[in-house]
K.L.:
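Handing you a structure now.
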Number of protein chains: 2
Amino acid sequence: MEERDRLEAYLRDRGLKMTVARETVLRAFLGLERHVSAEELYDEARRLDPSIGQATVFRTIKLLADAGLAREACRDDGARQYEHAWKHGHHDHLMCVRCGAVVEFQDDAIERAQEAVYSAHGYVPGGHRLELLGLCPACAGTGGGKGSA
Amino acid sequence: MEERDRLEAYLRDRGLKMTVARETVLRAFLGLERHVSAEELYDEARRLDPSIGQATVFRTIKLLADAGLAREACRDDGARQYEHAWKHGHHDHLMCVRCGAVVEFQDDAIERAQEAVYSAHGYVPGGHRLELLGLCPACAGTGGGKGSA
DNA sequence: GTTGGTATTGATAATAGTTATCAATATACT
DNA sequence: AGTATATTGATAACTATTATCAATACCAAC
């Protein structure tokens, strides 16, 4: 498993250790092909190993993020969210505010325009977060416009 | 004060009342020309009226957001953040990850590209959040590249 | 301006998400 | 296998936020 190797390398570089708990969290994370909160990840990890502690999951997901395996985002309602980052190219999100459906997309025009903004202000690019909100076709079709007044 | 009128109209529409506490929070918010957390807003509001309660500040800033006077964002470290929204045109943020400097910008090319993404996926646009991260000229100049290896 | 019904307030408790503490244990290196 | 040290899980602590509730302020009607 390439991700496991990556984590092990990361740990070794820092004098840290590869443990069964960390591997459990990694497997739980990789098994969930969507955005997860630490809480959800905890639930999944417990399915793989009921003895795992919540603190460990919190600690480990942060480690995964540092190691470049997970990407951290922030959600409106408080809980932080994590998504796969390893060999998953950069992408942004298009989310339906009604049903929560998420589309991951990548758009060169947007990326280029962002580069232009960076250089216009003399900044050195270092990542970005873009979230487009709106109504998905299904929700828009079922009267999602406003109130049905 | 135009903002006060806006708030009063919003409240009246909903059968709510204009109170001194709400006006205090509004003045505190308007007086801070930057992004603030509810906590910071509480501090400022207490300067104007030491008897104001924290719960009231939390309640009121949410009200301001609903009324279109404040815009809500989420920050990495947990605390929600609010910025002026009244007669402040839409803009995105360019932030220095080292010193925290924030540039507000507006870029037509990005906006247009976003519209294209919406229609490509059949979504109805409903707002977006874009945050560009990087190093500001000052921080990039003082060896902000990586480690100074 | 007084009255009265209702929204609002501030203090406090409660909650959610996350982090620190710490003794027991697992890990990696020899 | 032995040993130093990083890690673990349970729990307490902490931060940001929300609910509860009796006292009070607001505003419209008189």
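A note on names: the letters A, B, ... follow the listed sequences, proteins ahead of strands, and every chain is numbered from 1. Keep in mind that the numbers below use all heavy atoms, side chains included, and drop hydrogens, waters and symmetry copies.
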K.L.:
May I ask you to establish whether B/Arg46 and B/Tyr42 are in a cation-pi arrangement, using a distance under 6.0 Å from NZ or CZ to the six-membered ring centre and at most 45° from the ring axis?
P.N.:
yes
K.L.:
How many whole angstroms separate atom CG of B/Leu11 from atom C1' of C/dT9?
P.N.:
15 Å
K.L.:
Toward the 5' end of DNA chain D, which comes first, B/Thr19 or A/Ala21, by nearest nucleotide?
P.N.:
A/Ala21
K.L.:
Tell me: CD of A/Glu72 to C1' of C/dT18, nearest whole Å?
P.N.:
11 Å
K.L.:
What I want to find out is whether A/Glu44 reaches A/Arg47 closely enough, with some N-O distance under 4.0 Å, to be called a salt bridge.
P.N.:
yes
K.L.:
Between the side chains of A/Arg27 and A/Glu23, is the shortest nitrogen-to-carboxylate-oxygen separation below 4.0 Å, so that they form an ion pair?
P.N.:
no
K.L.:
What orientation do B/Phe105 and A/His121 show, parallel under 30°, tilted 30 to 60°, or perpendicular over 60°?
P.N.:
tilted
K.L.:
Could you check how far CZ of B/Arg12 sits from C1' of C/dA7, rounded to whole Å?
P.N.:
14 Å
K.L.:
Separation of A/Leu41 atom CG from C/dG17 atom C1', in whole Å?
P.N.:
14 Å
K.L.:
Quick one: A/Gln81 CD to C/dT18 P, roughly how many Å, whole number?
P.N.:
10 Å
K.L.:
Does a nitrogen or oxygen in the side chain of B/Arg80 sit under 4.0 Å from OP1 or OP2 of D/dA16?
P.N.:
no
K.L.:
Output the rounded distance in Å from OH (A/Tyr42) to P (C/dT18).
P.N.:
14 Å
K.L.:
Give the residues of residues 46-68 of chain B touching DNA chain D, defined as any heavy atom closer than 4.0 Å, sorted by residue number.
P.N.:
B/Ala55, B/Phe58, B/Arg59, B/Lys62
K.L.:
Roughly, in whole Å, what's the span from CD in B/Glu23 to C1' in D/dC26?
P.N.:
13 Å
K.L.:
Of A/Arg71, A/Arg129, A/Arg34, which meets salt bridge (charged side-chain N to carboxylate O under 4.0 Å, His left out) against A/Glu83?
P.N.:
A/Arg71
K.L.:
Quick check: on DNA chain D, is the nucleotide nearest B/Ala38 upstream (toward 5') of the one nearest B/Glu8, or the reverse? Name the residue that is more 5'.
P.N.:
B/Ala38
K.L.:
Could you tell me whether A/Arg6 and A/Glu3 have a side-chain N and a carboxylate O separated by less than 4.0 Å?
P.N.:
no
K.L.:
In this structure, would B/Leu63 and B/Met1 fall into the same cluster of hydrophobic residues linked by side-chain contacts under 4.5 Å?
P.N.:
yes
K.L.:
Find the distance A/Lys17:NZ to C/dA26:P and express it as a whole number of Å.
P.N.:
12 Å
K.L.:
Identify which nucleotide among D/dT8, C/dG17, C/dT9 has an atom closest to any side-chain atom of A/Glu39, counting heavy atoms from C-beta outward.
P.N.:
C/dG17
